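Notes for the one structure printed next.
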Amino acid sequence: MSLLAELQQRFRIPLAQLVGDDPAELASLLDMIKPAQDAKFGDYQANCAMPLGKKLSKPPREIATSIIQNLQIDDICESPEIAGPGFINLRLKQNWLRDQLDSVLQDPQRLGVQPVAEAKTYVIDFSSPNVAKPLHVGHIRSTVIGDALCRILRFAGHKVISDNHLGDWGTQFGMIIYGYRHFLNEAAFQSQPVAELGRLYREVRQTMDYLDKQESLPEQQQRLAALQSQIDELAAQPKSGDKAQDKKVAKELGRLKSQASELDQSIQQWTAKAAQLEAQTGWQQRIQQHKDIRQAVLQETAKLHAGDPDNQRLWELFLPKCRQVIQAIYDRLDVSFDQQLGESFYHNQLSDVVQEFVQKGFAQESDGAMCVFLDGFESPMLIQKKDGAFLYATTDLATIAYRVRTWNPDSILYVVDFRQGDHFQKLFAAARKWGFDNIEFRHVEFGTVLGDDGKPFKTRDGDIVGLEGLLDAAVDAAFQVVAENDDRKPNGPELSQEERQQIANIVGHGAIKYADLSQNRTSDYVYSTEKMVALKGNTAAYIQYSYARIRAIFAKGNVSPASLTDGSKQIRIDHDKERALAIQLLRFADAIREVSVDYRPNLLTNYLFGLATSFSEFYAECPVLNADAEEIKQSRLQLCHLVSGTLKTGLSLLGIQVAERM
């Protein structure tokens, strides 16, 4: 049962009597019913009387009184109280709280969370790596956010299809094919094929980048000189005496200096890296031999797409090996997919997409390319290049059509970083124009993982950080924390080395997931392994430790959880901390509901952290095994059991496991 939803439903009738049945206005007023910030004001507070006072030209307290008079809530709450200018304070009845907790005790699988009344069908597109490259830090957000949303929406009662739209057909395979033909180490490929394919990709990428950046270097140097000229010109201007004008000039001067500094730094970094490459034996010879590599890579890609037998054979040789490595990371993260259809699956459907857009008048030729012009966008969306090649947008349109034919979804979510926002806005507009206007298309965007320097997280050499290495580092750090915690136990260490390693695997992998999921997904965050595995603060380890602490209580007291749910005992709520814990337990359904509204898993992590914190405060003031009376002991054990079940279930919905001992 969702506490908040129930209260909002009770308020709906008296509010409708005041403002009518306008859904938008009612929803806005109902959103003003929230948990109280301070327990002395009650458990919930309704603040809707103030805006209604302005609308109806009546004192808010009079409005609040009218609402209460028509509010049927005495089975749940004590008599509502009006405070201040018109706040309605609500305090839940003790007997009702006890009855609800007893009901949840009998529902260990769902913990009182009712499935949604109207289930939807979701397709969630997430992770979606280029399979020719190892997974790196940039993949962690899409992968864990998408997986968590799948788990949470399924638990809420929806049908969910998880789809990993793999990049298995693009230019990266043209690069690997070119590398295989020109840079292959046959012995390395036979012994470690995936590592060698990765090396080939890097060799080709490095060569192409060198040529690109060397070609653009003169233009960048000219731009820097132009910026410096503008700076000198502005700096030489005498002050006008007009403070506003002088301030404007100073601001512009600062902006230009910042641009020049960034560009100068970029040029210096590249020239230093170019010098290192040029110092390598055979580099200049390679550049001479492969000066046409960029065009050659495109040709290899085009041949693959055209069905060239040799390139097709190589692609079929490479693909399973690439996917095997990626799957190993998914296995470590406990992430699975209902569907893993790559770009190659849709390739033969792309010409039909373009043809249909042309026939319906949605696409027009412009400079030889086929473009979809959309209202509200300055530039069109290209679906076919001048040379006949298709684009990501074409594949994405074909994917939408396939998903609708196959699953008829109510909603398609794309868990992709914010930089793709413009692409998805155009894609969704084009899909609606194509006729898919009864589907919720949603770009579930997210921010960037940063290093300590506030820039995208990279190695000291400037390379992208591999995900496997991050997982290993998190597990190693977790092992240190687990070992130190075990060594500090009053009666000496309790865990074997094998147990410590098993727990470290759970804590380390959970730490990376939780650190990401606990952020507002649209925000950037700084990656810190040390903070992730800490046993204090809003971390997975803290919540996992709270669970293990309860399991230790049961072990010490020789308590069987089954004995706590046989219906023979009733929970008591006598202490303030017991009451606070009880209310927090009953808000689990609210957390699930809130995540589903805007697809933000951090609302669930916030709830779990709040529950773990509430349990810690309860445990500090309310003895469990040493309670004053047996019935109090049994009641508190029941509360502990509910907390452990909720923490375990909540973490599982984030894709995080628990350990019975820590």
Side-chain angles (χ1 to χ4, degrees), residues 135-141 143-145 147-148 329 331-335 449-453 457-459 465-489 493-521 523-552 601-602 604-613 615-616 644 647-648 650-662:
L135 292 176
H136 55 74
V137 65
H139 293 110
I140 188 65
R141 300 216 71 180
T143 303
V144 302
I145 293 171
D147 180 57
I329 299 296
D331 290 344
R332 286 187 65 171
L333 290 170
D334 190 24
V335 171
V449 182
L450 306 175
D452 291 332
D453 59 359
F457 190 30
K458 293 185 178 181
T459 66
V465 180
L467 186 49
E468 185 175 21
L470 283 183
L471 295 177
D472 291 341
V475 171
D476 290 344
F479 185 89
Q480 291 299 116
V481 170
V482 171
E484 289 171 5
N485 184 64
D486 193 35
D487 290 338
R488 285 197 302 266
K489 290 176 180 174
E494 300 173 354
L495 304 171
S496 67
Q497 287 296 103
E498 183 180 359
E499 287 174 315
R500 288 182 175 187
Q501 189 60 59
Q502 290 173 347
I503 295 168
N505 277 322
I506 292 172
V507 173
H509 289 89
I512 283 185
K513 287 187 172 186
Y514 190 93
D516 194 298
L517 295 169
S518 62
Q519 309 295 322
N520 183 332
R521 60 173 168 75
S523 301
D524 300 339
Y525 74 93
V526 176
Y527 189 94
S528 170
T529 303
E530 182 180 353
K531 290 180 181 178
M532 286 179 182
V533 299
L535 290 175
K536 294 182 179 179
N538 189 10
T539 66
Y542 173 69
I543 297 170
Q544 289 166 324
Y545 183 72
S546 299
Y547 173 84
R549 195 178 192 182
I550 294 172
R551 304 303 292 177
N602 68 295
L604 179 55
T605 65
N606 292 348
Y607 168 80
L608 294 173
F609 178 57
L611 178 59
T613 302
F615 169 74
S616 180
S644 67
L647 292 178
K648 183 177 182 179
L651 285 175
S652 74
L653 295 178
L654 301 173
I656 298 172
Q657 299 177 12
V658 292
E660 295 297 306
R661 296 200 295 166
M662 280 181 68

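Heavy atoms only: backbone and side chains are in, while hydrogens, waters and symmetry mates are out. Predicted model only: the values in this text are computed from it and were never measured.
Between Phe609 and Ser546, every side-chain heavy-atom pair lies at or beyond the 4.5 Å cut-off. Counting only heavy atoms from C-beta outward, the side chains of Ile512 and Met532 approach each other to under 4.5 Å. Using a 4.5 Å heavy-atom threshold, the side chains of Val658 and Leu647 count as separate. Taking 4.5 Å as the limit, some side-chain heavy atom of Thr143 sits within range of a side-chain heavy atom of Leu333. Here the side chains of Leu471 and Ile329 are in contact, with some heavy-atom distance below 4.5 Å. Phe457 is not listed as a side-chain neighbour of Val526, based on a closest heavy-atom distance of 4.5 Å or more. Looking only at side-chain heavy atoms (C-beta outward), Leu535 and Met662 come within less than 4.5 Å of each other.
Residues Gly650 and Leu604 approach most closely at O-CD2, 3.8 Å, considering heavy atoms. Among all heavy-atom pairs drawn from Pro601 and Ile145, the shortest one is CG-CG2, 4.3 Å. Nearest heavy atom pair, residue Ala511 against residue Val533, reads CB-CG1, 3.9 Å.
Among pairs with a residue in residues 465-482, those fulfilling side-chain hydrogen bond (donor to acceptor under 3.5 Å, both in side chains) read Arg332-Asp472, at least two apart in sequence or across chains. Applying the salt bridge (Lys or Arg N to Asp or Glu O under 4.0 Å) test to every pair with at least one member in residues 479-488, sequence neighbours left out, gives these pairs: Asp486-Lys489, Asp486-Arg500, Asp487-Arg500. Screening residues 529-541 for side-chain hydrogen bond (donor to acceptor under 3.5 Å, both in side chains), with sequence neighbours left out, gives Tyr514-Asn538. Residue pairs meeting the side-chain hydrogen bond (donor to acceptor under 3.5 Å, both in side chains) criterion with at least one partner in residues 653-662, sequence neighbours excluded, are Glu499-Arg661, Tyr547-Glu660, Arg551-Glu660.
Note that CG of Asn602 and CG of Leu654 are 10.5 Å apart. Values are rounded to the nearest 0.5 Å. Taking CD of Glu498 as the start and CD1 of Ile503 as the end, the distance is 11.0 Å to the nearest 0.5 Å. In this structure, Leu653 CG and Asp147 CG are separated by 10.5 Å, a value rounded to the nearest 0.5 Å. For the atom pair CG of Leu450 and OG of Ser528, the computed distance is 12.5 Å after rounding to the nearest 0.5 Å. Rounding to the nearest 0.5 angstrom, the gap separating the CG atom in Leu467 from the CD1 atom in Ile140 is 5.0 Å. Interatomic distance, OG1 of Thr605 versus CD1 of Ile543, reported as 7.0 Å (0.5 Å rounding).
Partners of Asp453 by side-chain hydrogen bond (donor to acceptor under 3.5 Å, both in side chains), not counting sequence neighbours: none found. For Tyr545, there are no side-chain hydrogen bond (donor to acceptor under 3.5 Å, both in side chains) partners, not counting sequence neighbours. Applying the ring-ring contact (aromatic ring centres under 6.0 Å, His included) criterion to Tyr607, with sequence neighbours excluded, gives Phe588. Taking the side chain to side chain contact (heavy atoms under 4.5 Å, CB included) definition, one finds that Ala504 meets it with Val475, Ala478, Phe479, Gln501, sequence neighbours left out. For Asp516, the side-chain hydrogen bond (donor to acceptor under 3.5 Å, both in side chains) partners two or more places apart in sequence, or in a different chain, are Arg141, Tyr525. Take Arg549 and apply the side-chain hydrogen bond (donor to acceptor under 3.5 Å, both in side chains) test, not counting sequence neighbours, and it matches no residue. His139 pairs by the ring-ring contact (aromatic ring centres under 6.0 Å, His included) definition with His136, not counting sequence neighbours.
Shown here is Asp452, whose CG atom has no more than 12 heavy atoms of other residues, nucleotides or ligands within 6.0 Å.
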